[in-house]
Amino acid sequence: MKNEKVRNIAIIAHVDHGKTTLVDQLFKQSGMWRDNQVVEERLMDSMDLEKERGITIKSKNGACIYKDHQINIIDTPGHADFGGEVERVLKMADGALFLVDAAEGPMPQSYFVLKKAIALSLPVIVIVNKIDKPAARPDWAVDQVFDLMASLNAPDHILDFPVIYASAKDGTATKDINVPNADMSPILDQVITSIPAPEGDDTAPLELLISAISYSQFVGQLGVGKITAGSLKINQPIAIALNGEIIEKSRLTKLFMFDSNTQKEVSEATIGDIVAIAGLEGIRVGQTITDPETPVFLEGIKIDPPTISVNIIPNDSPFAGKEGEFVTSNQIKDRLYKELLTDVALKINPLTTETGYKVSGRGELHLSILIEKMRREGYEFQVSRPTVLYQEKNGQQLEPYEKLTIDVADEYSGKVIETLGTRKGQLSEMTQDSGMTRLIYIIPTRGLLGYQSEFMAITKGLGVMNYVFDSYQVHSGNIKSRQNGVMISTEPCETVAYALFNLQERGRLFMGAGESVYEGQIIGEHSRDNDLVVNPGKGKKLTNMRASGSDENVVLTPPTILSLEQIISYITNDELVEITPKSIRIRKRLLKESDRKRAKQI
């Protein structure tokens, strides 16, 4: 296919604004499937975690044919924690579809991905999605997008963006909101009109920057990238280059292009084609595939540095090895370094003070997704409290700050402002509309650790908070993230309803009756600020004496079930999270009370 008939587009948006649903509809519009064909919903979400959470974690490539044009579509993650994915794959795009929710407008993570697209000078088509919402305000959303682009110093050719109004759920799109349309053809027509065809010289030496790594169970590791010069054919000699030098020479054995959400084998590809190449073991993101005789060295992909880290160490609890398949330090090490092959935003360093690894990423969600993937694969390990990564500049210690956007009902805004004040948040903007308040804060990353669960409790689960990395600023001093102590089991036992019934008056419990616990394991949160050592296995003493009245019924309040992200940000520095394929437990680093007392005195 000639490159004049190729269009490479990335779909960028805030999390949950409908990117993956839109891709489904674009594939459908192109006539890829029969009318009666059963197609899986959110086709591009291939990971189990993506399907469960309804978010995109890994960027995906797909393609469809529309009016004799091959449209290569890149579905990108919307969450800033996976910004490394966005930065990589935008290198393959010649333009972007920028999706905004008609009711919410551009959100913090929209700012992040749009900034990356404008930095690469990609032409943008704005799609105002979810116009079928009762609270939709599409004209306001378009104005907000323009203001956002202007604040990012977008050039005039990007500011003069076309707008399409859509409802991806219903499969409709129109250029004029007052003139309804029955299908998604306006979007694909606009892509062909507004997005330029890829440019380059197909007679020049080969240039292909690896922007993503994929994996096939049939051919192994695949390097994905866009050909920016030259062409590729089967059995062609190629060289892998990095940092200005050739590190390996080889011959191309397998070449794939994208068809829908799958790959099809081809014999050759030319400029502008997004391809996947197989047969190159150990290929990495940022490497250049070039001609061995006249090599060209492309600049690698610059990724924003990580802002947060956790320590992952082997499990040494009394229950170690009972539930996991992979438990040794070497097995954990191999799995972590394997993740580096596909996740360029991740950093891993061995610990010097104990056996284990310091894993650094872009945020709590980024790290918790890795932990959850390892847990499901059968790994057993322990995780420390997240810590932010500091920088030194001019003798001052700098820490990462986030731009936090909160949408909450007016009645809860006062309490939210109060709690964020204790976490060193600085209110920069406050607007009220139709009984809702939008608060925009600049707050240290440390101040947000563990705040999600507190925020949900304050707002009765009705508040929405989003945050994105803002900048490094001067260290803001001590922040106490958890106000309450915890209840700690004093001995190994099985929890008894009678004991838990008496303990639930002291705070909230994290587990129910009949669960095995060990000494030093945390079973709940104390209502006061000190830790409380308790015996959850204490049963009622039986006697021969007849009770004068009927015994009290033991009625237990359902335990509080915390998600993995909530647990990791909930713990303090003297606590660990024990992760196994079947359980997630919280424990003290020092299991014995006598050891904890001794450590306090030192």
Side-chain angles (χ1 to χ4, degrees), residues 1-13 18-37 39 43-44 60-76 89 92-99 117 122-129 131 157-158 160-177 179-200 202 226-228 231 256-276:
M1 185 175 283
K2 292 182 179 178
N3 58 0
E4 290 86 2
K5 295 282 188 179
V6 173
R7 298 291 185 273
N8 298 317
I9 56 168
I11 300 187
I12 57 178
K19 294 182 300 301
T20 307
T21 307
L22 181 81
V23 174
D24 284 359
Q25 295 293 348
L26 293 180
F27 283 164
K28 189 175 178 182
Q29 179 65 42
S30 69
M32 186 175 292
W33 303 313
R34 303 186 312 274
D35 289 342
N36 64 343
Q37 185 173 341
V39 180
L43 188 69
M44 298 287 269
K60 316 287 188 321
N61 291 75
C64 62
I65 305 292
Y66 180 76
K67 293 185 178 177
D68 293 331
H69 287 72
Q70 169 148 341
I71 299 176
N72 293 314
I73 299 172
I74 307 160
D75 185 16
T76 65
V89 299
M92 293 190 280
D94 297 308
L97 300 185
F98 181 48
L99 225 66
L122 296 179
V124 175
I125 298 172
V126 174
I127 299 177
V128 182
N129 195 25
I131 56 171
H157 75 275
I158 293 181
D160 190 19
F161 52 81
V163 179
I164 295 174
Y165 303 93
S167 170
K169 187 179 76 170
D170 297 336
T172 62
T174 178
K175 285 188 172 184
D176 185 345
I177 197 166
V179 182
N181 185 47
D183 59 20
M184 302 292 279
S185 57
I187 295 178
L188 293 171
D189 290 334
Q190 193 69 53
V191 166
I192 293 171
T193 307
S194 300
I195 305 299
E199 296 178 1
D202 58 359
K226 182 177 81 169
I227 300 173
T228 49
S231 59
F256 298 90
M257 287 174 64
F258 292 90
D259 180 19
S260 175
N261 65 325
T262 59
Q263 291 133 2
K264 63 177 180 181
E265 193 167 346
V266 294
S267 58
E268 61 178 325
T270 186
I271 282 181
D273 288 333
I274 294 177
V275 296

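Not measured: the values here are computed from a predicted model. Here, residue 1 is the first one in the sequence, and each next residue gets the next number.
Across all non-hydrogen atoms, the minimal contact from Ala96 to Ile12 is CB-CD1, 4.0 Å. Residues Gly95 and Leu122 come closest through the heavy atom pair N-CD2, 4.0 Å. Nearest heavy atoms, Pro196 versus Pro123: CD-CG, 3.6 Å. For the pair Phe98 and Val124, the tightest heavy-atom approach, listed with the atom from each and the gap, is CB-CG1, 3.6 Å. In plain terms, the two heavy atoms of Met184 and Gly171 that are nearest each other are SD-C, 3.3 Å.
Put simply, the side chain of Asp68 never gets that close to the backbone of Lys5: no donor and acceptor are under 3.5 Å apart. A distance-only check finds a donor-acceptor pair linking the side chain of Arg7 to the backbone of Ile192 [under 3.5 Å]. Without hydrogens or angle criteria, Asn8 side chain to Gly272 main chain gives a donor-acceptor distance under 3.5 Å. Thr174 contributes a side-chain N or O that, together with a main-chain N or O of Val179, makes up a donor-acceptor pair within less than 3.5 Å. Using a distance-only test at 3.5 Å, with no hydrogens or angles considered, a donor-acceptor pair links the side chain of Asp183 to the main chain of Ser185.
Taken from CD1 in Ile177 to CD1 in Ile164, the straight-line distance is 12.5 Å, to the nearest 0.5 Å. Remark: Asp273 CG to Thr228 OG1 distance equals 12.0 Å, nearest 0.5 Å. The distance from atom OG1 of Thr172 to atom OH of Tyr165, rounded to the nearest 0.5 Å, is 14.0 Å. Distance CD1/Ile71 to CD1/Ile187: 10.5 Å, rounded to 0.5 Å.
In this structure the side chain of Asp94 reaches within 4.5 angstrom of the side chain of Lys226, judged on heavy atoms. Between Ile74 and Ile274 the shortest side-chain heavy-atom distance falls below 4.5 Å. Residues Ile227 and Thr270 have side chains not in contact (no heavy-atom distance under 4.5 Å, counting atoms from C-beta outward). With a 4.5 Å cut-off on side-chain heavy atoms, Leu97 and Ile125 count as touching.
Applying the salt bridge (charged side-chain N to carboxylate O under 4.0 Å, His left out) criterion to Asp189, with sequence neighbours excluded, gives Lys67. Among residues two or more places apart in sequence or in another chain, the side-chain hydrogen bond (donor to acceptor under 3.5 Å, both in side chains) test is passed with Lys169 by none. Not counting sequence neighbours, Ser231 has no partner by the side-chain hydrogen bond (donor to acceptor under 3.5 Å, both in side chains) test.
Few gaps surround CD on Glu265; more than 12 heavy atoms of other groups in view lie less than 6.0 Å from it.
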